[in-house]
Participant: 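If you scroll down you'll find the structure; I have some questions about it.
Note that this is a predicted model, so its numbers are computed, not measured. Position 1 is the first residue of the sequence; numbering continues from there.
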Amino acid sequence: MTRSDLVEELAARFGQLTQRDAELAVKTILDAVGDALVRGQRIEIRGFGSFSVNHRLARMGRNPRSGEAVHIPQKRVPHFKPGKALREAVDQRTVELGGAQALLLAEKK
């Protein structure tokens, strides 16, 4: 699902919202999440999951082409942890859609 798909879904579910209003709502929510993560805050949406910032320490890596050692600086990266309700819903819906066979095949490998 893309951002525009999300806007269309929101506008379709709420008839009183115009496409432009739905787009503004999605943009506002995503901007608020991004701004909070930039400030290092944790965002928790009950039943959906939580967004946080993980810190990766500086380390030495390798250039895959030359094999040369490369210094990789420390950085902060966004992290999403799905909530229990979301994990269970995805698992249940996967089974309903016939994904159980695919899951069984993947476990055998």
Participant: Rounded to the nearest 0.5 Å, what separates atom CD in E9 from atom OG in S4?
Facilitator: 12.0 Å
Participant: Between the side chains of T28 and D31, is a donor N or O closer than 3.5 angstrom to an acceptor N or O?
Facilitator: no
Participant: Check the pair Q92 / E88 against side-chain contact (heavy atoms from CB on, under 4.5 Å), numbers first and verdict last.
Facilitator: CA-CA 6 Å; Q92 180 62 36; E88 290 173 353; over 6 Å; no
Participant: Could you list the donor-acceptor pairs under 3.5 angstrom formed by side chains in residues 58-72, with sequence neighbours left out?
Facilitator:
unit_1: R62; atom_1: NH1; unit_2: G67; atom_2: O; d: 3.0
unit_1: N63; atom_1: OD1; unit_2: R65; atom_2: N; d: 2.9
unit_1: S66; atom_1: OG; unit_2: E68; atom_2: N; d: 3.2

Participant: Using only atom types and a distance under 3.5 Å, with no angle test, would you say the side chain of R39 pairs donor to acceptor with the backbone of G34?
Facilitator: no
Participant: Please say yes or no: joined through hydrophobic side-chain contacts below 4.5 Å, possibly via intermediate residues, are V90 and F51 part of one cluster?
Facilitator: yes
Participant: Between T94 and D91, is any side-chain donor less than 3.5 angstrom from a side-chain acceptor?
Facilitator: no
Participant: Taking R76 for its side chain and N54 for its backbone only, find out whether a donor-acceptor pair lies under 3.5 Å.
Facilitator: no
Participant: Which is it for K27 and E23 under the side-chain contact (heavy atoms from CB on, under 4.5 Å) test, yes or no, and what are the steps along the way?
Facilitator: CA-CA 6 Å; K27 181 181 181 340; E23 189 171 335; 5.6 Å; no
Participant: Could you tell me which non-hydrogen atom of L37 sits nearest to which non-hydrogen atom of P78, and how far apart they are?
Facilitator: CD1-CB, 4.3 Å
Participant: Minimum heavy-atom separation for R42 and S50, please, with both atom names.
Facilitator: NH2-OG, 3.2 Å
Participant: Is M1 isolated, or which residues cluster with it under the ILVMFWY side-chain rule of less than 4.5 Å, directly or via members?
Facilitator: L6, V7, L10, F14, L17, V26, L30
Participant: Got more than 12 heavy atoms from elsewhere within 6.0 Å of CZ, R56?
Facilitator: no
Participant: If you look at every heavy atom in G47 and A85, which pair is closest and at what distance?
Facilitator: O-CB, 3.6 Å
Participant: Give, for atom CZ of F80 and atom CD1 of I45, the distance between the pair rounded to the nearest 0.5 Å.
Facilitator: 7.5 Å
Participant: Report yes if the side chains of S52 and K81 come closer than 4.5 Å at any heavy-atom pair, otherwise no.
Facilitator: no
Participant: Same cluster or not: F48 versus I43, using hydrophobic residues (I, L, V, M, F, W, Y) connected whenever any side-chain heavy atoms lie under 4.5 Å apart?
Facilitator: yes
